[in-house]
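Worksheet: the structure to be examined is printed underneath.
Whatever order the structure lists them in is the order used to number ligands and atoms, beginning at 1.
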Amino acid sequence: MRDFGYKADELFCESVSVRKLAERYSTPLYVYSRKTFLEHYGKLQAAFRSVKPLICYSVKANSNLSVLKTLVRAGAGLDIVSGGELFKALRAGVPSRKIVYASVGKRADEIEYAMRGNILLFNVESLSELEAINMIAGRMRRRQAVAIRVNPDVKAKTHRYITTGHRQDKFGIDIDRARDIFLNRAEYTNLDICGIHMHIGSQILDARPFVRAVEKVTNLVQRMKSRGVGIRWLNVGGGLGIIYSGESPQTAQGYAKAILPFLKKLNVRIILEPGRFIAGNAGILVTKVLYIKETPGKNFAIVDAAMSDLLRPSLYEAYHEIVPVSSRSYGRSKRIRRYDIVGPVCESGDFLGRDRRFIGLKEGDLLAVMSAGAYGYSMSSNYNSRPRPAEVMVTGRRARLIRRRETYKDLIRSELS
Ligand SMILES: *Cc1c(COP(=O)(O)O)cnc(C)c1O
């Protein structure tokens, strides 16, 4: 997280003091570095320069409009998984020919919305969906381009909730069935079945599962070519892992080096769908210690952020580094203690970190939960009727509020009584 670091004793995001942001906008607060989003996007672009891919940032990782606009202005397309994400993508001003749409459960109204929006490709996840899209395209008197999402049946070493390319996962269509679809493509009179899509999971640290999967889909493209089926798009998905704490993921360069030899053999256009790789280390969640509670069993630092603001620790037992915003606040006490960093939500699973060592932690201290830029705010909820936090985008010395904190009124906005 190069754009988040200490100057003297204080944590900065680019050239802005995180403590000052917390004082100005209160906590809990998401703080993003614009530079990081753009640098990570640029790294993938550079690594894959030789095939000039369409990089479709995965909206679900962080769907704030300002984040989307930042990437869209840099040339990114967007990978969406719902009608709501399409709405946001269009609001962010992305050219519709740079939108790809995956999801195992696209509703008819979402399919129509995306067709009217002229998106580039549907990534189709089942035979039934293929038939539904064919029918809707017929009704709308158009020929719709689609890619088949293949489930390449590889095991990626990651949390079981975020593997998506194994045959027991709900995603995609197995290779044999995908082959049959391509060979019988004439049956789908309103479809142009012209692409293959894969996405094998998230937070994958090692290039090998990617290579195995890419090898399988490359073979499929070549076998189809020899049978006279032209495939124009190959979408290799996202899934690149990042550093939360001491991991050593493949770099963008390493990833490109591992899969480019396969991609270059084909005469197809390449799509990438990075989410976490771009957004994960571009954001932090700032929170304040409300109470220190020492019990015979454990010490707790109860903070004002909770699982409703950052779900990853509760959902996946994910590890986020948690650091003091101001290390001066250590004061005179040099006592090292271990704390569970927990939120106010009424669930024992509501924690942000467990058994974390701090020196002289005290009530009122500010903490930063690192690497919270992806699947942070976008997974947040109003559970326990907690208004959601604000979000701030830092650019150099400037900070801009890009989402105001929710109010109590926001909590009942859509209720009817
Ligand atoms: C979530 C998702 C991505 C992004 O995954 P990351 O691990 O964040 O890179 C890409 N493609 C599809 C289809 C997804 O569902």
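- The distance from ligand 1 to the heavy atoms of Arg276 drops below 4.0 Å at these ligand atoms: 6 (P), 8 (O), 9 (O).
- Between Glu10 and Lys20, none of the side-chain N atoms (NZ, or NE/NH1/NH2) sits under 4.0 Å from a carboxylate O, so this pair counts as no salt bridge.
- Heavy atoms of Ile162 found under 4.0 angstrom from ligand 1: none, in either backbone or side chain.
- Between the Thr163 side chain and the Ala156 main chain, no donor and acceptor come within less than 3.5 Å of each other.
- Each of the following atoms of ligand 1 lies closer than 4.0 Å to a heavy atom of Ser202: 6 (P), 7 (O), 8 (O).
- The closest side-chain heavy-atom distance from Leu11 to Ile284 is below 4.5 Å.
- Which parts of ligand 1 touch Tyr375 is read off a 4.0 Å heavy-atom cut-off, strictly below it: atoms 1 (C), 4 (C), 5 (O), 6 (P), 8 (O).
- When only non-hydrogen protein atoms are considered, atom 5 (O) of ligand 1 lies nearest to His199 CE1, 3.3 Å.
- In this structure, Gly239 counts as a contact residue of ligand 1, since one of its heavy atoms falls inside 4.0 Å of the ligand.
- Taking CD1 of Ile136 as the start and CD of Glu129 as the end, the distance is 9.5 Å to the nearest 0.5 Å.
- Under 4.0 Å is where a charged nitrogen must lie from a carboxylate oxygen, and between Asp410 and Arg413 at least one such pair does.
- With respect to atom 14 (C) of ligand 1, the closest heavy atom belonging to the protein is Lys60 NZ, 2.8 Å.
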With side-chain hydrogen bond (donor to acceptor under 3.5 Å, both in side chains) as the criterion, how do Asn281 and Thr36 come out once you've worked through the C-alpha distance, each side chain's angles and the decisive distance to 0.1 Å?
CA-CA 7 Å; Asn281 277 321; Thr36 309; over 6 Å; no

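- Each of the following atoms of ligand 1 lies closer than 4.0 Å to a heavy atom of Gly238: 9 (O), 10 (C).
- For ligand 1, the polar-atom distance check against Arg149 finds no nitrogen or oxygen pair separated by under 3.5 Å.
- Ring pair Tyr161/His159 is perpendicular by interplanar angle, where above 60° counts as perpendicular and below 30° as parallel.
- Looking at Gly275 next to ligand 1, an N or O pair under 3.5 Å apart turns up.
- The protein heavy atom nearest to atom 10 (C) of ligand 1 is Glu273 O, 3.2 Å.
- Shown in contact with Ala102 at under 4.0 Å from a heavy atom are these atoms of ligand 1, numbered in order with element: 13 (C).
- Between Arg19 and Glu23 a salt bridge is recorded (basic side-chain N to carboxylate O distance below 4.0 Å).
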